[in-house]
Amino acid sequence: MTRFESAKEIYASLGVDAEKALETLKNTVISVHCWQGDDVVGFDSRQAASGGIQTTGNYPGRAATPEELMADFDEVLKLCGGKFKLNIHASYAIFDGEKAGRNELEPKHFAKWVDYAKKRGLGIDFNPTFFSHPMVVDGLTLSSPKKEVREYWIEHGKRCLKIAEYFADELGQPCLINYWMPDGLKDYPADRQGPRQRMKESLDEIFSIPYDKTRVIPTLESKVFGIGVEAYTVGSAEFCLSYSLKNGITPLVDNGHYHPTEMVSDKISSLLLFSDKLALHVTRPMRWDSDHVVSYDDETREMMKECVRCGLDKVLIATDYFDASINRISAWVTGIHNVQKALLYALLEPACHKELQDRSDFTSLMACQELYKIMPIGDIWNEFLRREGREANYLPEIGRYEKEVLSKR
C-alpha cells in the first residue's frame with residue numbers, strides 16, 4: 001500500500017473522499033499575479049512605485065522586458081499543477097513603437113498577452129493602474145479636486161473596461177477587472193467626505209459605459225493605508241463594500257488590506273449572503289500590508305475553509321504579493337503551492353465538524369478539529385503533484401533556471 005492509499009483510507013474513515021478533493025483542487029482556477037516577477041515596475045513608465053506601495057529587496061534576475069516576464073511565468077507554470085489565469089495590470093501594456101498614455105490604452109496594446117495566454121490555455125484578469133504615474137497628483141486620482149486629474153483617470157477606467165471585454169472575447173473566459181485606487185492623505189484631513197464623494201461620482205461615470213456583464217466582472221478593492229497615505233484612505237473598506245453592494249459590483253477582499261486584528265476568513269460568509277460572488281486576493285500581511293509570500297498558515301487555511309464551506313463556485317481566488325528579497329520564481333511558486341495546499345486542507349475537512357457544532361457538542365468538536373490538524377494531508381498533496389507531473393521539491397529546477405537564465409540578465 002502506498003502512502004497515498006494509506007492516507008486516503010484514514011480520511012475515508014472520517015467520511016472524507018480524498019479523490020473528490022483532488023479532482024476539485026485540480027479544477028479550481030487560481031488567478032496568478034504577474035507583478036511578482038518584476039517588482040510591480042511594468043512596461044509603460046520608469047517612474048518609481050507610488051500609491052503607498054513599495055517592493056523591498058534587490059535579488060538578481062528581475063524581469064525587465066515582456067519576453068523575460070513571460071519566460072519567467074512559463075517557469076512558474078512548469079512547477080505548478082492545476083488551472084490558472086494570468087492577472088495583469090494596465091501598466092504592463094506592450095507597445096510596438098510609440099507609447100500611449102493610460103488614458104489612451106487600447107486592446108492592441110495587450111495583444112501579445114492574449115497571444116501568450118491562448119497558447120497556454122490561460123484566461124486573463126485585469127487591473128487599471130492608478131499608481132506610479134505623473135498624473136497621480138498629491139496622492140489622488142479619481143478623488144482629486146482637480147478636474148483634469150479626475151478626467152484622466154476616469155478615461156483610463158473606461159478604457160480598461162473595454163480591454164477587459166477584449167480579453168473575455170479573445171480567450172472565451174470571463175475577465176475580472178479590479179479597481180483599486182490608492183488615493184489618500186499622509187496626515188489627518190480637513191474633509192473626509194469630499195474626496196469620497198468625488199471618487200463615487202468618478203466610479204459612477206466609469207461604470208456608466210455599456211459592457212457585457214456576463215463576460216466582464218468589475219470588482220472594487222479597499223485598503224487601510226499605505227506609505228505616504230497613513231492617515232486617510234479614500235477607498236476604505238466601508239466605502240468600497242457599500243459602493244459594491246449598492247451598485248452590483250463584486251466586492252474584492254485582500255487579506256492584507258484590513259486592520260491587524262481583522263480576519264478576512266470571518267468576512268467571507270457574511271459577504272456571500274449579500275453578493276452572488278466574492279473576489280479574494282490572498283497575501284500575507286506582516287503587521288501591515290507588506291505583501292509577503294503566502295504561507296501555509298492559520299489564516300490562509302481558514303480563508304480556504306470558508307471558501308469551500310460557502311461554495312467555491314462563488315469565490316474568485318487570486319494571489320497578490322511581491323517579494324524582491326528572494327528568488328522571484330521561488331516566491332511565485334511557494335505562494336501558489338501554499339494557496340493550493342490550504343485549499344486541499346479545506347476540501348479534506350470532515351463534514352462531522354459542522355454536525356458537532358449544530359449539536360452543541362463543543363467538546364467533541366475541539367477534539368476532532370485538533371485531530372484533523374495532524375491528518376496526513378502531505379501524502380494527498382504529493383499525490384496531487386505526482387498526477388500533475390510536478391515535483392514536491394522544486395528548488396533544484398529553480399536553481400537551474402537561476403543559473404542558466406536569471407543570473408545572465
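Values reported hereafter were calculated over all heavy atoms of this structure, with side chains retained and with hydrogens, waters and symmetry mates removed.
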Original post:
Can Lys408 and Glu404 be counted as an ion pair, charged N to O under 4.0 angstrom?
Top reply: no
Original post:
Are the charged groups of Glu397 and Arg400 less than 4.0 angstrom apart, N to O?
Top reply: yes
Subject >> Nearest atoms (heavy-atom pairs only) where Phe130 meets Trp180 >> reply: CD1-O, 3.6 Å
**OP:** Output the distance between atom CG (Asn27) and atom CG (Leu312), rounded to the nearest 0.5 Å.
**Re:** 11.0 Å
Subject >> Interatomic distance, Asp212 atom CG to Cys175 atom SG [nearest 0.5 angstrom] >> reply: 12.0 Å
Original post:
With a 4.5 Å heavy-atom cut-off, do Pro60 and Asn327 have their side chains touching?
Top reply: no
**OP:** Please check if atom NZ in Lys108 has more than 12 non-hydrogen atoms from other residues, nucleotides or ligands closer than 6.0 Å.
**Re:** no
Original post:
Can you tell me if CZ on Arg387 sees more than 12 non-hydrogen neighbours from other groups inside 6.0 Å?
Top reply: yes
Subject >> Derivation and outcome, side-chain hydrogen bond (donor to acceptor under 3.5 Å, both in side chains), residues Trp35 and Asp320 >> reply: CA-CA 8 Å; Trp35 47 94; Asp320 184 5; 3.0 Å; yes
Original post:
With distance as the sole test, does Arg150 use its side chain to make a donor-acceptor pair with the main-chain N or O of Leu142 at under 3.5 Å?
Top reply: no
Subject >> Rounded distance (nearest 0.5 Å) linking atom OG1 of Thr233 with atom CG of Leu185 >> reply: 9.0 Å
Subject >> Presence of salt bridge, Glu155 and Arg102, under 4.0 angstrom >> reply: no
Original post:
Is there a donor-acceptor pair under 3.5 Å between the side chain of Glu388 and the backbone N or O of Gly82?
Top reply: yes
**OP:** Look at the side chain of Arg196 and the backbone N and O of Val234, then say whether any donor-acceptor pair between them is shorter than 3.5 Å.
**Re:** yes
Original post:
Salt bridge between Arg159 and Glu104, side-chain N to carboxylate O under 4.0 Å?
Top reply: no
Original post:
Is Met286 atom CE crowded by more than 12 heavy atoms from other residues, nucleotides or ligands, each under 6.0 Å away?
Top reply: yes
Original post:
Salt-bridged, Arg328 to Asp39, with N to O below 4.0 Å?
Top reply: yes
**OP:** Assess the side chains of Glu221 and His257: does a donor N or O sit below 3.5 Å from an acceptor N or O?
**Re:** yes
Original post:
Can you tell me if Tyr321 uses its side chain to pair, donor with acceptor, with the backbone of Trp332 under 3.5 Å?
Top reply: yes
Original post:
If you measure from CZ on Phe167 to CZ on Phe126, what distance do you get to the nearest 0.5 Å?
Top reply: 5.0 Å
Original post:
Can you tell me if CG on Asp74 sees more than 12 non-hydrogen neighbours from other groups inside 6.0 Å?
Top reply: yes
Subject >> Note, His259 side chain near Glu262 side chain (heavy atom, < 4.5 Å) >> reply: yes
Original post:
Closest heavy-atom contact between Thr283 and Gly256?
Top reply: CG2-N, 3.6 Å
Original post:
Would the number of heavy atoms belonging to other residues, nucleotides or ligands and lying under 6.0 Å from CZ of Phe95 be above 12?
Top reply: yes
**OP:** Using only heavy-atom distances, determine whether the side chains of Asp183 and Thr141 contain a donor-acceptor pair under 3.5 Å.
**Re:** yes
Original post:
Nearest 0.5 Å, what's the CD-CG distance between Glu68 and Leu406?
Top reply: 9.0 Å
Original post:
Does any non-hydrogen side-chain atom of Leu122 lie less than 4.5 Å from one of Leu77?
Top reply: yes
Original post:
Using 4.0 Å as the upper bound for N to carboxylate O, is an ion pair formed by Glu349 and Arg309?
Top reply: yes
**OP:** List the atom of Pro251, the atom of Leu245, and the distance in Å for their closest heavy-atom pair.
**Re:** CG-CD2, 4.2 Å
Original post:
Are Asp72 and Tyr401 close enough that a side-chain donor and a side-chain acceptor fall under 3.5 Å?
Top reply: yes
**OP:** Could you tell me whether the side chain of Arg390 reaches within less than 4.5 Å of the side chain of Leu79, counting heavy atoms only?
**Re:** no
Original post:
Under a 4.5 Å cut-off applied to non-hydrogen side-chain atoms, are Phe43 and Pro66 in contact?
Top reply: yes
Original post:
Is there a donor in the side chain of Tyr243 and an acceptor in the side chain of Asp204, or the other way round, less than 3.5 Å apart?
Top reply: yes
**OP:** Could you tell me if the ring centre of Trp153 sits under 6.0 Å from that of His133?
**Re:** yes
Subject >> Salt-bridge criterion met for Lys112 and Asp96 (N-O under 4.0 Å) >> reply: yes
Subject >> Lys354/Asp358 ion pair, N-O < 4.0 Å >> reply: yes
Original post:
When rounded to the nearest 0.5 angstrom, what is the spacing between OG in Ser202 and OH in Tyr179?
Top reply: 12.0 Å
Subject >> Under 3.5 Å donor-acceptor, Ser208 side chain and Glu205 backbone >> reply: yes
Original post:
Is there a donor-acceptor contact under 3.5 Å linking the side chains of Asn255 and Glu299?
Top reply: no
Original post:
For atom NZ of Lys158, is the number of surrounding heavy atoms from other residues, nucleotides or ligands below 6.0 Å larger than 12?
Top reply: yes
**OP:** Check whether the ring centres of Phe110 and Trp113 lie less than 6.0 Å apart, and answer yes or no.
**Re:** no
Original post:
For the side-chain contact (heavy atoms from CB on, under 4.5 Å) test, which of Arg301, Met304, Lys305, Met303 pairs with Leu343?
Top reply: Met304
**OP:** Answer with yes or no after comparing the ring centroid distance for Phe322 and His33 against a 6.0 Å cut-off, counting only values under it.
**Re:** no
Original post:
Do Leu395 and Ser330 have side chains that get closer than 4.5 Å, going by heavy atoms?
Top reply: yes
**OP:** Could you verify whether a donor N or O on one side chain and an acceptor N or O on the other, from Tyr394 and Thr334, lie under 3.5 Å apart?
**Re:** yes
**OP:** Indicate yes or no: at least one non-hydrogen side-chain atom of His353 is less than 4.5 angstrom from one of Leu365.
**Re:** yes
Original post:
Quick one: do Lys118 and Asp115 make a salt bridge, cutoff under 4.0 Å?
Top reply: no
Original post:
Is the cationic atom of Lys267 (NZ for Lys, CZ for Arg) positioned less than 6.0 Å from the six-membered ring centroid of Tyr258 and within 45 degrees of its normal?
Top reply: yes
Subject >> Nearest heavy-atom neighbours spanning Ile249 and Pro218 >> reply: CG2-O, 3.3 Å
**OP:** Flag the pair Glu201 and Arg198 as a salt bridge only when some basic side-chain nitrogen lies within less than 4.0 angstrom of an acidic carboxylate oxygen.
**Re:** no
Subject >> Residue pair Tyr296 / Gln340, side-chain donor-acceptor N/O under 3.5 Å >> reply: no
**OP:** Indicate yes or no for a side-chain donor-acceptor contact from Asp125 to the backbone of Leu176 under 3.5 Å, with no hydrogens or angles considered.
**Re:** yes
**OP:** Determine the minimum heavy-atom distance between Cys34 and His89, stating which atoms define it.
**Re:** SG-N, 4.4 Å
Original post:
Between Thr129 (side chain) and Ala90 (backbone), is there a donor-acceptor pair under 3.5 Å?
Top reply: yes
Original post:
Distance-only, no hydrogens or angles: does the Thr319 side chain make a donor-acceptor pair with backbone N or O of Ile336 under 3.5 Å?
Top reply: no
**OP:** Just do the side-chain hydrogen bond (donor to acceptor under 3.5 Å, both in side chains) check on Tyr232 and Asp187 with the steps written out, would you?
**Re:** CA-CA 7 Å; Tyr232 168 72; Asp187 219 328; over 6 Å; no
**OP:** Apply the test side-chain hydrogen bond (donor to acceptor under 3.5 Å, both in side chains) to residues Tyr345 and Glu302: give CA-CA distance (whole Å), side-chain angles for both, the deciding distance (0.1 Å), then the verdict.
**Re:** CA-CA 10 Å; Tyr345 181 80; Glu302 285 299 313; over 6 Å; no
Original post:
Is there a donor-acceptor contact under 3.5 Å from the side chain of Ser275 to the main chain of Leu271?
Top reply: no
**OP:** Output yes when a side-chain donor or acceptor of Arg62 lies under 3.5 Å from a complementary backbone atom of Gly37, and no otherwise.
**Re:** no
Original post:
Using a distance-only test with no angle check, is there a side-chain donor-acceptor pair under 3.5 angstrom linking Tyr92 and Asp38?
Top reply: yes
